[in-house]
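Only one structure is covered here, and it is reproduced in the block below.
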There are 2 protein chains.
Amino acid sequence: MFKTEPSTDKGEQTRRHIFDCALELFRENGFDATTMQEIALRADVAKSAAYYYFPGKEAIIQAYYEAVQDEQERVCRRIFAGSGNLKARLAAAMHAKFDLAKEDRKLLGVVFRYTGEPEHPLSCLGAGTEEIRRRSIGVFREAIAGERLPKDLDQLLPVALWSLQMGLLILFLYDRSEGQRRTRRLADGALELTLKLLALAKLPVLKPVRTKVLSLLREADLLPEG
Amino acid sequence: MFKTEPSTDKGEQTRRHIFDCALELFRENGFDATTMQEIALRADVAKSAAYYYFPGKEAIIQAYYEAVQDEQERVCRRIFAGSGNLKARLAAAMHAKFDLAKEDRKLLGVVFRYTGEPEHPLSCLGAGTEEIRRRSIGVFREAIAGERLPKDLDQLLPVALWSLQMGLLILFLYDRSEGQRRTRRLADGALELTLKLLALAKLPVLKPVRTKVLSLLREADLLPEG
DNA sequence: GTCTATATAGCGATAGAC
DNA sequence: GTCTATCGCTATATAGAC
């Protein structure tokens, strides 16, 4: 990956300090309007010190997204330990990320900047972000862990829910309703629908459809273990 | 929009010439590796002449995407005039864009660069690209024009098909199979499934689901005429 | 390993020529 | 309206100091 993990205490502190200052500036003036120069200035280090820890501004955003992911996992693990209700667990996973990102919607948008560029190390669907994506999908895997589903659905659901979350995150960024309640309602509705479809998927009429969907996705290499 | 429409013949020629040279360079060296300086150099104009016609490199990509859209419409109109088969029309619309972009997959990725930034003029979901998006959806509207569907589905389908196309386009960029046949098969399968679901949507069992989906999307402002 | 000083090259804005 | 010359600012690589 991209990170230059500092190996000393002092380095760790400097890195953290640069990171904090950068986020401050991003929040004050926006991502594009902030320069590495300004970040270094506020952190009281030379510009090249900032580059030593982060290859560029985008790497700082990536670190920010990883922090959000850490926090989501912490929150979800606590909730999953308590509740046995599937719908509540899924809703918690979805809304946790919204809650964490709601003050930083402009920053979050940058995470999607290289979605269309497979080779870019920061492409949110590319090889460079595989680990964080695996963790992000893992949250949903844990959410449905107790459900005893057929094996194919057990593979399909976490990826499907993660895709849903990514799509909703984009809508979230465009949602100008207060507290983004429009997107939150859509998320709730989509989850309800997912659960309904999950039940329907077992009906005889829909059996061929279910098989078709799964084989299509498998062929397109969109499911784990090809 | 972003365009500086030249009003003289000479201006139109210069613009076109800069555009052609830029595309050449993008194809040779990639988008990010190409500078406005180099573009101007190849086009035999001053750098600021390039900036006079295009506010930046991204604007050139936007113009490229508009050219692709023009061509897709031309191709589709010809096909739609001939064939009455719904599935063939939809497949034609999907594959037309793939065919046009297949040599320029790296360039196309840049079109998605500002997807997560609503205010950016080049955000492919933002206000600045509304016209081209309307046209892109319109292709699917024309494809289903002869179908006499219930009014709600008539509104839903074009937007749904356009979303499908956008999603498939991203997979298309990541698809390293020869001729991107993996994505093309997925597209065919997804269309088949869509038509199947369209038929199923009329079954009594699924009536509440259909209503739910439509009201959800309407609430989230994802359908025309709110 | 941590960080600074320095150097090159591109971006994009401006004033103004034609 | 079309285009040029020029300028200040930024990104980022490199050599090397501590």
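Note on naming: letters A, B, ... go to the chains in the order of the sequence lines (proteins, then strands), and numbering restarts at 1 for each one.
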Which nucleotide, [options], lies nearest any side-chain atom of [X]?
X     : options               : result
A:A49 : C:dC11, D:dT2, C:dT4  : C:dT4
B:T35 : D:dT4, C:dC11, D:dA11 : C:dC11
B:M36 : D:dA11, C:dC11, D:dC3 : C:dC11

Kindly say if B:Y52 contacts the phosphate of D:dC3, meaning a side-chain N or O under 4.0 Å from OP1 or OP2. no
OP1 or OP2 of D:dC3 sitting under 4.0 Å from any side-chain N/O of B:T14? yes
Any N or O donor-acceptor pair under 3.5 Å from the base of D:dA13 to the side chain of A:S48? no
Under 3.5 Å, is there an N or O donor on one side and an acceptor on the other linking the side chain of B:K47 and the base of D:dT4? no
Distance, rounded to the nearest Å, where A:K57 contributes NZ and D:dT10 contributes P: 10 Å
Calculate the interatomic distance between A:L41 atom CG and D:dC9 atom P; express it in whole Å. 14 Å
Could you check whether B:T35 and B:K57, counting side-chain N and O atoms only, form a donor-acceptor pair closer than 3.5 Å? no
Could you tell me if A:H120 and B:D32 have a donor-acceptor pair between their side chains, going purely by distance under 3.5 Å? no
Side chains of B:I39 and B:F26 in contact at under 4.5 Å (non-hydrogen atoms): yes
Between B:E130 and B:R134, does any side-chain N to carboxylate O distance fall below 4.0 Å? no
